[in-house]
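Please read the structure below before turning to the comments.
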Amino acid sequence: MQRETLHEWVPPVKDQKLVVALVSNLENEPLTPTRDSIGKLRYPRAEDILGEEPEKTREILDLMVEKEILERTVFYKDIECPSCRSSNISTVYRCTTCMSINISKNALIEHVSCGNIGPKDSYLSSDNQMVCPNCHLELSSGSWKNIGSWYECSDCNRRISIPDPQHICRNCSTEFLFENARYENVYSYSLRKGIADQYLKLSNTYQAFKEVLEQKGYGDAETTSMKGESGVMHEFELLASRDGQVVAVEVAFGDGGVDQTRIVQWFAKIIDTRVSAYFVAIPSLDAGAAKLASAYKLNIIEAETPANGASKLKEVLG
Ligand SMILES: [Zn+2]
Ligand SMILES: [Zn+2]
Ligand SMILES: [Zn+2]
C-alpha cells in the first residue's frame with residue numbers, strides 16, 4: 001500500500017470488530033464470563049473476536065461501556081485475591097483470640113425423647129454411633145435436635161461463637177482477611193438497545209460511499225485509525241487511497257442540523273493527518289456549524305439522504 005509510506009497504520013478500530021461480530025450474531029448473545037484454570041476472569045468469545053489478551057479485552061469491554069456501545073449487567077459476585085485477582089480462593093476459620101486455625105466445630109444436641117442436652121462429642125459412642133449418654137438409646141432421626149453450634153480452640157481452649165474467616169489464594173499463596181478481599185462485580189456484556197440498528201444504518205450508509213470511492217479508483221476503503229503529525233491516533237469511519245493520496249469521508253446525521261461539535265472534532269482530525277476530507281451532513285449543518293465549516297474551509301456535502309450524498313461525492317471527486 002502506498003499510503004504506508006505517508007503514515008503509520010494500525011489495525012482497524014477494535015470496537016468496530018466487536019460490534020460487527022455481535023450484530024451479525026442474530027441472537028445477540030451476551031458475552032459471559034468464565035474463570036480459567038488459575039481462577040482468572042476471562043471473556044473467551046470477546047478475546048477471540050478482538051484477538052487480545054484477557055486483561056486488554058476487559059479494558060476494551062469497559063471502554064465500550066463508557067462509549068455507550070455495550071451495556072453490562074452483574075452476572076455474579078466473586079471474592080478475588082487482592083494481589084493477583086484470582087478467584088481460586090480457599091477459606092479457613094481462625095480463633096478470634098489467638099488466631100490459631102486449630103479450632104473445631106461443636107454443637108449442642110438435645111435428645112428430645114429424654115430431654116438430655118449435651119455437646120455432640122458426648123453422644124459419640126466407642127464404635128462411632130450417636131448414642132444418648134443419659135438414656136443409652138441410639139439417636140434416631142427426628143428424636144434429637146441441634147440447639148446451637150460453636151467452635152472451640154485447641155490452642156487457647158476458648159469457645160468462639162463466630163470465628164474470623166481468612167482467605168488464602170491458591171494461585172499466589174497470598175493470605176488475606178475479608179477487609180482486604182476484593183469482592184467484585186462480575187459482568188456480562190451485551191450490545192445496547194438500538195446500537196445494532198444504528199450500526200446497520202451507518203454501515204449501509206458507508207457502503208454507498210465506499211462504492212463511490214471504489215468506482216473512482218480509491219482502494220482499501222475501510223474504518224481505521226491513522227497517526228497524525230502530533231503523534232495522536234485518530235479514528236476514521238472511512239479512509240481510502242488512490243495513487244498515494246488519502247481521502248477521508250465522514251457522515252453525520254442531525255435532525256435539526258448537525259451541530260458544531262462534530263465539525264470541531266472533524267477539523268482537529270484532518271488538520272493533524274492532512275488527508276483530503278469530505279464531511280457529509282444529513283440533511284444539513286446547523287447555522288453555527290455552517291459558519292465554522294466555512295471559516296475552516298472544510299469540504300461539506302449536505303444531502304437529504306445518504307444515497308443523495310454519495311452521488312454528490314461522486315461529482316466532487318471528478
Ligand atoms: Zn493471588
Ligand atoms: Zn436420651
Ligand atoms: Zn485460640
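Just so it is clear, the values below take in all heavy atoms, side chains as well, and ignore hydrogens, waters and symmetry mates. Residue indices begin at 1 and follow the sequence shown. Start at 1 and go down the list; that is how both ligands and their atoms are numbered.
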Taking the six-membered ring for Trp, are Tyr151 and Tyr93 parallel (under 30°), tilted (30 to 60°) or perpendicular (over 60°)?
perpendicular
Shortest-distance N/O/S atom, His111 versus the Zn ion (ligand 2)
ND1
Residues Arg42, Glu47: salt bridge by 4.0 Å N-O rule:
yes
Only to 10 degrees, please: what angle do the SG atom of Cys132 and the SG atom of Cys114 make about the Zn ion (ligand 2)?
110°
Taking C-beta and beyond as the side chain, do Val280 and Phe209 meet within less than 4.5 Å on heavy atoms?
yes
Rounded to the nearest 10 degrees, what's the angle SG of Cys98 makes with SG of Cys95 at the Zn ion (ligand 3)? Could you check?
110°
Of all pairs that satisfy side-chain hydrogen bond (donor to acceptor under 3.5 Å, both in side chains), the ones with a partner from residues 296-308, not counting sequence neighbours
none
Say whether Val249 and Val316 are linked into one hydrophobic cluster, either directly or through other cluster members, by side-chain heavy-atom distances under 4.5 angstrom.
yes
At a threshold of 2.8 Å, where the distance has to be below it, does the Zn ion (ligand 2) have an N, O or S atom of Cys135 nearby?
yes
How large, to 10°, is the angle at the Zn ion (ligand 3) when you draw lines to SG on Cys153 and to SG on Cys156?
110°
Protein N/O/S atoms closer than 2.8 Å to the Zn ion (ligand 1):
Cys81 SG, Cys84 SG, Cys169 SG, Cys172 SG
How far apart are the closest heavy atoms of Asp155 and Ser100, and which atoms are they?
OD2-OG, 2.6 Å
Pair Thr174-Ser83, side-chain donor/acceptor within less than 3.5 Å
yes
Looking only at side-chain N and O atoms, does Gln245 offer a donor or acceptor that is under 3.5 Å from a partner on Ser276?
yes
